[in-house]
> 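Have a look at this one.
No experiment lies behind these values; they were computed from the predicted model shown. Positions are given from 1 along the sequence.
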Amino acid sequence: QVQLVESGGGLVQAGGSLRLSCSASGPSFSIYIMAWFRQAPGKEREFVAAITWSSAITYYADSVKGRFTVSRGNTVYLQMNSLKPEDTAVYYCAAARRGSSGSAWYRSSYKYDYWGQGTQVTVSS
């Protein structure tokens, strides 16, 4: 059983930076990929970034590419730079035990087995 716990959310001005953390129990043996999703009020949960556990291959949504960086140790991080008001959302850490079929399957929230509780990120203009 894998447990995910996020931290690091808060309030930041536009153009500022924030670093989110996700602590995972036993991911090296049980997890294929870990990802960050976000959800704003009235919107569907959307993919932000992902990293494969063994090879550390990274994937990014077009909206955050060049601004956000996902990395890992035992803890998974999301470094967010040049933040914009539209980045405001609850950010969730997710993990999948194995890969799935379909192109860019990792962008779908339905493919993940474990989820953290979420952490609020608010970017002021």
> State which residues pass side-chain hydrogen bond (donor to acceptor under 3.5 Å, both in side chains) with Ser55; sequence neighbours excluded, sorted by chain then number.
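Per chain and number, Ser55 pairs via side-chain hydrogen bond (donor to acceptor under 3.5 Å, both in side chains) with Thr52.
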
> Quick one: list whatever passes ring-ring contact (aromatic ring centres under 6.0 Å, His included) with Tyr91, sequence neighbours left out.
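For Tyr91 there are no ring-ring contact (aromatic ring centres under 6.0 Å, His included) partners, ignoring immediate neighbours.
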
> Could you give the side-chain donor-acceptor pairs of residues 4-15 under 3.5 Å, partners two or more places apart or in another chain?
unit_1	atom_1	unit_2	atom_2	d
Glu6	OE1	Gln117	N	2.8
Glu6	OE1	Gly118	N	2.8
Glu6	OE2	Cys93	N	2.5
Glu6	OE2	Gly118	N	3.4

> Find out whether Tyr92 and Val48 are in side-chain contact, i.e. whether some heavy atom of one side chain is under 4.5 Å from a heavy atom of the other.
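Side chain of Tyr92 against side chain of Val48, heavy atoms only: no contact under 4.5 Å found.
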
> Enumerate the salt bridge (charged side-chain N to carboxylate O under 4.0 Å, His left out) contacts for residues 40-50, please, sequence neighbours excluded, ordered by first and then second residue.
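Every salt bridge (charged side-chain N to carboxylate O under 4.0 Å, His left out) pair that includes a residue of residues 40-50, provided the two are not neighbours, is Arg38-Glu46.
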
> Using the test salt bridge (charged side-chain N to carboxylate O under 4.0 Å, His left out), find all partners of Arg97 that sit at least two apart in sequence or belong to another chain.
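Expected list: Asp113.
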
> What's the shortest heavy-atom distance between Ser54 and Arg72, and which atoms?
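So the two residues come closest at O-NH2, 3.9 Å.
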
> List for me each residue that meets side-chain hydrogen bond (donor to acceptor under 3.5 Å, both in side chains) alongside Gln3, sequence neighbours excluded, and say none if there are none.
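Expected list: none.
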
> For residues 58-69, which residue pairs qualify under side chain to side chain donor-acceptor pair (under 3.5 Å), counting only residues two or more places apart or in two chains?
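Counting only pairs at least two positions apart or across chains, the side chain to side chain donor-acceptor pair (under 3.5 Å) contacts touching residues 58-69 are Arg67-Asp87.
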
> Please identify each residue that fulfils side-chain contact (heavy atoms from CB on, under 4.5 Å) with Gln120, with sequence neighbours left out.
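For Gln120 the side-chain contact (heavy atoms from CB on, under 4.5 Å) partners, ignoring immediate neighbours, are Thr88, Val90, Thr122.
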
> Does the side chain of Leu78 come within less than 4.5 Å of Val76's, by heavy atoms?
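No. Closest side-chain heavy atoms not under 4.5 Å.
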
> Measuring only between side-chain heavy atoms, which start at C-beta, is Ser108 closer than 4.5 Å to Phe47?
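Of all side-chain heavy-atom pairs linking Phe47 with Ser108, none is under 4.5 Å.
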
> Could you list all the disulfide (SG to SG under 2.5 Å) pairs where at least one residue sits in residues 34-83, not counting sequence neighbours?
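Output for this query is empty, none listed.
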
> Determine whether a donor-acceptor pair (N or O, by modelled atom type, separation under 3.5 Å) exists between the side chain of Tyr32 and the backbone of Ser100.
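Here the side-chain-to-backbone pair does not exist.
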
> Just to verify, what does Trp115 make a ring-ring contact (aromatic ring centres under 6.0 Å, His included) with, not counting sequence neighbours?
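Residues passing ring-ring contact (aromatic ring centres under 6.0 Å, His included) with Trp115: Phe37.
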
> Does Ile57 share a hydrophobic cluster with Ile33, counting links as ILVMFWY side-chain heavy atoms below 4.5 Å and allowing steps through other members?
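Ile57 and Ile33: one cluster.
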
> Using the disulfide (SG to SG under 2.5 Å) rule, collect all pairs that involve residues 49-91, keeping only residues at least two apart or in two chains.
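Checked against disulfide (SG to SG under 2.5 Å) - neighbours excluded - no pair reaches residues 49-91.
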
> Work out which heavy atom in Tyr112 is nearest to a heavy atom in Ala35; give both atom names and the distance.
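Nearest pair, atom of Tyr112 first, then Ala35: OH-CB, 3.4 Å.
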
> Would you mind listing every side chain to side chain donor-acceptor pair (under 3.5 Å) that reaches into residues 75-84, with sequence neighbours excluded?
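Every side chain to side chain donor-acceptor pair (under 3.5 Å) pair that includes a residue of residues 75-84, provided the two are not neighbours, is Ser17-Asn81, Gln79-Asn81.
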
